[in-house]
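Report on the following structure.
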Amino acid sequence: MSPQRFESLLVAPDTTLLQAMSCLDATAQGVLLVVDASRRLLRTITDGDLRRATLAGLSPQASLAALPGASAQSVGLGASMHDVLQLMDARRIDHVPVLDDQGRAVDLVTRRELSRRTYLSSPHLGDDEAGLVREAFESNWIAPLGPHVDAFERELAEYVGVGHAAATSSGTAALHLGLRLLGVGPGDHVLCSSLTFVASANPIRQLGATPVFVDSEPEGWSMSPDALRAELAQLARDGVRPRAAVVVNLYGQSARMHELLGLLDEAGVPMLEDAAESLGATLHGQASGSFGRLALFSFNGNKIITTSGGGMLVCDDAELIAHARKLSTQAREPARHYEHVEDGYNYRLSNVLAGIGRGQLRVLDQRVRRRREIFAHYARELAGVGGLRWMGEPEGHLGTRWLSAFTLEVPEASRRRDALLDFLERHNVEARPVWKPMHLQPLYAGSRYFAHAPGADVSRELFEGGVCLPSGSNMDEEQLGRVCELVLRGLRLVGGASA
């Protein structure tokens, strides 16, 4: 419902019954909100109310004020979708007005819109997955490993343009293996993007190393070359050479790889490229996941393609990938009995899930095109909104727009962002804040952190005003249009932007 359509539902108490009938017919929402001159809600009007008034003998020219008194059922701005549904069920109603602190009507939630949730990024299966899974069942390859695993590794490595790949049970498992293969252990320091999901940093701690966090750059939001340069210089003065660097490709877009690689290579620090969110992206034509000494992908349920849960570690070094496979199968030695000389993990992907992954990989380019179309729709429909800045796509980058993300550059951005997210959730639309930076997480309190520039904590600013909108490739045009209308209405309601 657009802001204009919501306004059309507001009528004055001196509106006649005939006028109300016409308005109900024109708006087709099944309800009108009767408000006074200050927009304070007096009552609601439905078709049933007008029908009962007619049967009671009231003239079509009588005003709504002549109707028998009725208390309006409503909720406040802090109400959740659960609160609204509870009220609807308890009162057997299908429309619930939302009032601000002064009792003014500012929103309306309908049962119809709550019947279908719009997810942030839901799985989108194609036509081939079921057949490949059935093949796994028919061949009795159910347990980890099998022909689908081998084929999935080969096909993904070919897609990314690297020599070798090892399929894992999750992207986090792949990252953990990658750090271990780079020799990370107790006492080491590992550079890591701060604006990321916690899984990028936790394996560093779990290996006994110390994470050192790096700020984002303001255009593309990934690791700042300026911050990295300053951090490497300071660490060198302190006599510290980092063992590795985890560079995160954020929200489906490669980081500024050429600048970052130049700095890391000069310092002798290998890059582990966290491409969990960026499968299908390119930088000057080179695939995301092909820049680092090692790279990883995630196939979690909300990623651009999914195996339900799974990941992949890739690189051009056959020996490293062979070692990854060994570690991921409890580091068993090639002996008749179970022989172990190093500790390992149960990190391999099942043959069944790899079958799903093979089918998903076949439609990856279609999924990328659709997500970019969704972003373009958002950018077009919200182009006139002041104080809203989209995550940029620097020259040479082609991102997947895994999530369409923007930041509010307005006073009290954090409060207004949260109010917008509450508004969207009340209407059964899933949205979320931008990642909370690692250097602001209680888990990593006191960790070293270098900002993009003196006095410019870009990651913090992006988090405080950042919003990720529904971006799933299976969103239809009706859902997409509805999200745009809700964002516009929500931003006006919370004072987060101007149109």
Side-chain angles (χ1 to χ4, degrees), residues 1-13 15 17 20-21 23-36 39-55 64 67-120 122 418-432 469-470 475-476 478-494:
M1 185 187 302
S2 67
Q4 293 77 17
R5 289 182 68 189
F6 174 72
E7 292 295 322
S8 70
L9 300 178
L10 306 182
V11 296
T15 301
L17 271 62
M21 289 179 191
C23 190
L24 276 170
D25 184 60
T27 55
Q29 293 298 312
V31 69
L32 298 176
L33 309 184
V34 184
V35 297
D36 65 15
R39 292 175 61 109
R40 285 190 293 268
L41 182 67
L42 302 176
R43 64 167 298 160
T44 58
I45 294 293
T46 65
D47 291 303
D49 294 322
L50 297 180
R51 184 174 62 254
R52 285 186 289 272
T54 301
L55 292 173
L64 297 178
L67 294 176
S71 58
Q73 302 298 323
S74 62
V75 296
L77 281 170
S80 66
M81 181 183 66
H82 176 73
D83 296 331
V84 173
L85 276 173
Q86 222 173 21
L87 179 60
M88 286 179 172
D89 291 341
R91 298 294 182 176
R92 298 184 180 180
I93 55 178
D94 296 325
H95 312 85
V96 174
V98 181
L99 311 183
D100 65 11
D101 293 340
Q102 284 75 49
R104 295 173 297 197
V106 293
D107 191 17
L108 178 72
V109 185
T110 69
R111 186 182 292 275
R112 179 182 177 185
E113 66 181 320
L114 298 188
S115 65
R116 182 187 183 191
R117 184 162 179 78
T118 300
Y119 290 97
L120 185 74
S122 60
D418 288 346
L420 175 63
L421 293 176
D422 288 344
F423 174 86
L424 293 173
E425 180 62 30
R426 192 162 55 240
H427 288 271
N428 210 12
V429 171
E430 183 184 14
R432 68 163 60 150
L469 293 178
M475 285 180 70
D476 58 33
E478 180 183 353
Q479 286 178 301
L480 190 53
R482 178 170 170 265
V483 173
C484 287
E485 290 183 348
L486 286 170
V487 170
L488 281 169
R489 188 147 56 93
L491 286 173
R492 291 185 181 184
L493 176 61
V494 305

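In this structure, the side-chain hydrogen bond (donor to acceptor under 3.5 Å, both in side chains) partners of R111, at least two apart in sequence or on a different chain, are D89, D94. With sequence neighbours left out, R39 forms a salt bridge (Lys or Arg N to Asp or Glu O under 4.0 Å) with E7. In this structure S122 satisfies the side-chain hydrogen bond (donor to acceptor under 3.5 Å, both in side chains) test together with N474, sequence neighbours excluded. Contacts of R52 classified as side chain to side chain contact (heavy atoms under 4.5 Å, CB included), with partners at least two apart in sequence or in another chain: D49. The side chain to side chain contact (heavy atoms under 4.5 Å, CB included) test applied to R40 returns D36, S38, R104, not counting sequence neighbours. Listed by chain and residue number, R116, E478, Q479 satisfy the side chain to side chain contact (heavy atoms under 4.5 Å, CB included) test with D476 (two or more places apart in sequence, or in another chain). Among residues two or more places apart in sequence or in another chain, the side-chain hydrogen bond (donor to acceptor under 3.5 Å, both in side chains) test is passed with D422 by none. With sequence neighbours left out, A419 forms a side chain to side chain contact (heavy atoms under 4.5 Å, CB included) with V494. The salt bridge (Lys or Arg N to Asp or Glu O under 4.0 Å) test applied to E430 returns no partner, not counting sequence neighbours. Taking the side-chain hydrogen bond (donor to acceptor under 3.5 Å, both in side chains) definition, one finds that T54 meets it with nothing, sequence neighbours left out.
Scanning all heavy atoms of the two residues, the minimum distance from A105 to L99 falls at CA-CD2, 3.7 Å. Shortest non-hydrogen contact noted between F423 and L486 is CE2-O, 3.1 Å. Taking both residues in full, the closest heavy atoms of R43 and P68 are given as NH1-O, 2.7 Å, listed atom of the first, atom of the second, then distance. Heavy atoms only, all atoms of each residue included: D107 and F6 are closest at N-CZ, 3.2 Å. Contact between A20 and L32 at its shortest, heavy atoms only, is O-CD1, 3.6 Å. Pairing each heavy atom of L420 with each of V487, the nearest pair is CD1-O, 4.2 Å.
Side-chain contact between T15 and C23: absent, with no pair of heavy atoms (C-beta onward) separated by less than 4.5 Å. Using a 4.5 Å heavy-atom threshold, the side chains of H427 and V109 count as touching. Residues R489 and Q4 fail the side-chain proximity criterion, which asks for heavy atoms closer than 4.5 Å. Residues V34 and L67 have side chains not in contact (no heavy-atom distance under 4.5 Å, counting atoms from C-beta outward). Contact check for I45 versus V11: no side-chain heavy atoms found under the 4.5 Å cut-off.
Among L114, T118, L85, the one residue that satisfies the side-chain contact (heavy atoms from CB on, under 4.5 Å) test with N428 is L114.
Rounded to the nearest 0.5 angstrom, R482 CZ and E113 CD are separated by 4.5 Å. The line from CG of L108 to OG of S74 is 11.0 Å long, rounded to the nearest 0.5 Å. A distance of 10.5 Å separates CG in L41 from CD in Q73, rounded to the nearest 0.5 Å. Note that CD1 of I93 and OG1 of T110 are 11.5 Å apart. Values are rounded to the nearest 0.5 Å. To the nearest 0.5 Å, the span separating CE on M81 from CE on M88 amounts to 10.5 Å. Rounded to the nearest 0.5 angstrom, L50 CG and L64 CG are separated by 7.0 Å.
Salt-bridge formation is detected for the pair E425/R117: a Lys NZ or Arg NE/NH1/NH2 atom is positioned less than 4.0 Å from an Asp or Glu carboxylate oxygen.
Side-chain N or O atoms of R426 include none that pairs as donor or acceptor with a backbone N or O of D83 at under 3.5 Å.
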